[in-house]
S.K.: 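Sharing a structure below in structure tokens format, with a few things to ask.
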Amino acid sequence: MTTYAIISVGGKQYRVSEGQRLLVDRLAADEGATFTAPVLLVGGDGGPQIAPSDVTVTAKVLGPERGPKLRIGKYKKRTGYRRHTGFRAALTSIQIESIGVEGAKPKPTPKAERAVERTGDATAVAGLPAGYADLTVVAIKEAAGSWDADALAAALEHEQAHGKRKGAIAALEAAIGEKESS
């Protein structure tokens, strides 16, 4: 298990860990695109490894941003010479999706393992409504009223463990409250 990696993006080096967001110099990639960054060093339980060939760092582009405004002023005394200009850096916000060995699959959670044993499908989790992973928060709010109590509980557990979308959690809790009151 790796805890951090040092990658090179845009000619600069960054120490990153999974789930971390950072600002880098402007990248020529669209919002939502993923890319792999060159890995210079990996550190973790087994000690540091320099330039491992089997480790990849996958990052997702969140979107363009602008840096803070810098004001630049020039002044020469007794001559009336004054010049002012400004600058804002063009940056890109990225999020580190994963740091890991190529071809290695993440360990499934115990509930997901049980679902695979029952259904034989690694993408299905027991009790979740069909196509839940593709639903937006608005779609969850609309559809939650028609789900049974087991599906609502499974969706809430999945959302708290994986998605952590506040709107979806609130909608599911409200739907569970309505089911209990009626």
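Since this is a predicted model, take the numbers as computed values, not measurements.
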S.K.: Determine yes or no for a side-chain-to-main-chain donor-acceptor pair under 3.5 angstrom, with K179 supplying the side chain and W147 the backbone.
M.R.: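 Confirmed, K179 side chain pairs with W147 backbone.
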S.K.: Starting from L27, can I reach V39 by hopping between I/L/V/M/F/W/Y residues whose side chains sit under 4.5 Å apart?
M.R.: yes
S.K.: Taking the six-membered ring of Y75 as reference, does the NZ or CZ atom of R82 fall below 6.0 Å from its centre and within a 45° cone about the axis?
M.R.: no
S.K.: What do you reckon, is CD1 of I50 surrounded by more than 12 foreign heavy atoms closer than 6.0 Å?
M.R.: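 No, not enclosed.
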S.K.: Would V24 and L91 satisfy side chain to side chain contact (heavy atoms under 4.5 Å, CB included), going step by step from the backbone distance to the final call?
M.R.: CA-CA 6 Å; V24 298; L91 304 171; over 6 Å; no
S.K.: With rounding to the nearest 0.5 angstrom, report the CD to CD1 distance, E18 to I96.
M.R.: 9.5 Å
S.K.: May I ask you to test the D25-K12 pair for a side-chain heavy-atom distance under 4.5 Å?
M.R.: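 Yes. Closest side-chain heavy atoms under 4.5 Å.
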S.K.: Checking side chain to side chain contact (heavy atoms under 4.5 Å, CB included) for the pair E173/L156: CA distance, chi angles, key distance, verdict?
M.R.: CA-CA 7 Å; E173 288 174 345; L156 181 61; 4.0 Å; yes
S.K.: Got a second to check how far I6's CD1 is from Y14's OH, nearest 0.5 Å?
M.R.: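 Taking CD1 in I6 and OH in Y14, the distance rounds to 13.0 Å.
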S.K.: Which value, rounded to the nearest 0.5 Å, describes the distance between E157 atom CD and I169 atom CD1?
M.R.: 12.0 Å
S.K.: What's the shortest heavy-atom distance between S8 and A37, and which atoms?
M.R.: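 The pair with the smallest heavy-atom distance is O-CB, 4.2 Å.
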S.K.: For a quick test of reading the model, state the closest non-hydrogen atom pair linking A5 to V57 and the distance between them.
M.R.: CB-CG2, 4.0 Å
S.K.: If you round to the nearest 0.5 Å, how far is CD of E159 from CG of L152?
M.R.: 12.5 Å
S.K.: Is the number of heavy atoms from other residues, nucleotides or ligands within 6.0 Å of NZ (K60) greater than 12?
M.R.: no
S.K.: For Q13 and L40, what are the C-alpha separation, side-chain angles and deciding distance, and is it a side chain to side chain contact (heavy atoms under 4.5 Å, CB included)?
M.R.: CA-CA 9 Å; Q13 297 175 4; L40 305 175; 3.5 Å; yes
S.K.: Within the distance-only criterion (no hydrogens, no angle test), does the side chain of R88 pair as donor or acceptor with the backbone N or O of G67 below 3.5 angstrom?
M.R.: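 Side chain of R88 to backbone of G67, a donor-acceptor pair under 3.5 Å: yes, one is there.
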S.K.: Are the side chain of D148 and the backbone N or O of A151 linked by a donor-acceptor pair below 3.5 Å?
M.R.: yes
S.K.: Check the surroundings of atom CZ in R26: do more than 12 heavy atoms from other residues, nucleotides or ligands lie under 6.0 Å from it?
M.R.: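 Check passes, neighbour count above 12.
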S.K.: Using every non-hydrogen atom in the two residues, find where S17 and Q20 come nearest and quote the distance to one decimal.
M.R.: N-OE1, 3.0 Å
S.K.: Going hydrophobic residue to hydrophobic residue with side-chain gaps under 4.5 angstrom, can you get from I99 over to L62?
M.R.: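 No.
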S.K.: Is there a side chain to side chain contact (heavy atoms under 4.5 Å, CB included) between I94 and F35? Walk through the geometry before answering.
M.R.: CA-CA 10 Å; I94 64 171; F35 66 95; 4.2 Å; yes
S.K.: Out of curiosity, K141 NZ to T136 OG1, how far, rounded to the nearest 0.5 Å?
M.R.: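 Interatomic distance, K141 NZ to T136 OG1, rounded to 0.5 Å: 9.5 Å.
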S.K.: Closest heavy-atom contact between E65 and S93?
M.R.: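 Shortest heavy-atom separation between E65 and S93 comes out as OE2-CB, 3.4 Å.
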S.K.: Once rounded to the nearest 0.5 Å, what's the spacing between atom OG1 of T85 and atom CZ of R71?
M.R.: 7.5 Å
S.K.: Transitively linked via ILVMFWY side-chain contacts under 4.5 Å: L22 with V42?
M.R.: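 Same cluster: L22 reaches V42 through Ile, Leu, Val, Met, Phe, Trp or Tyr contacts under 4.5 Å.
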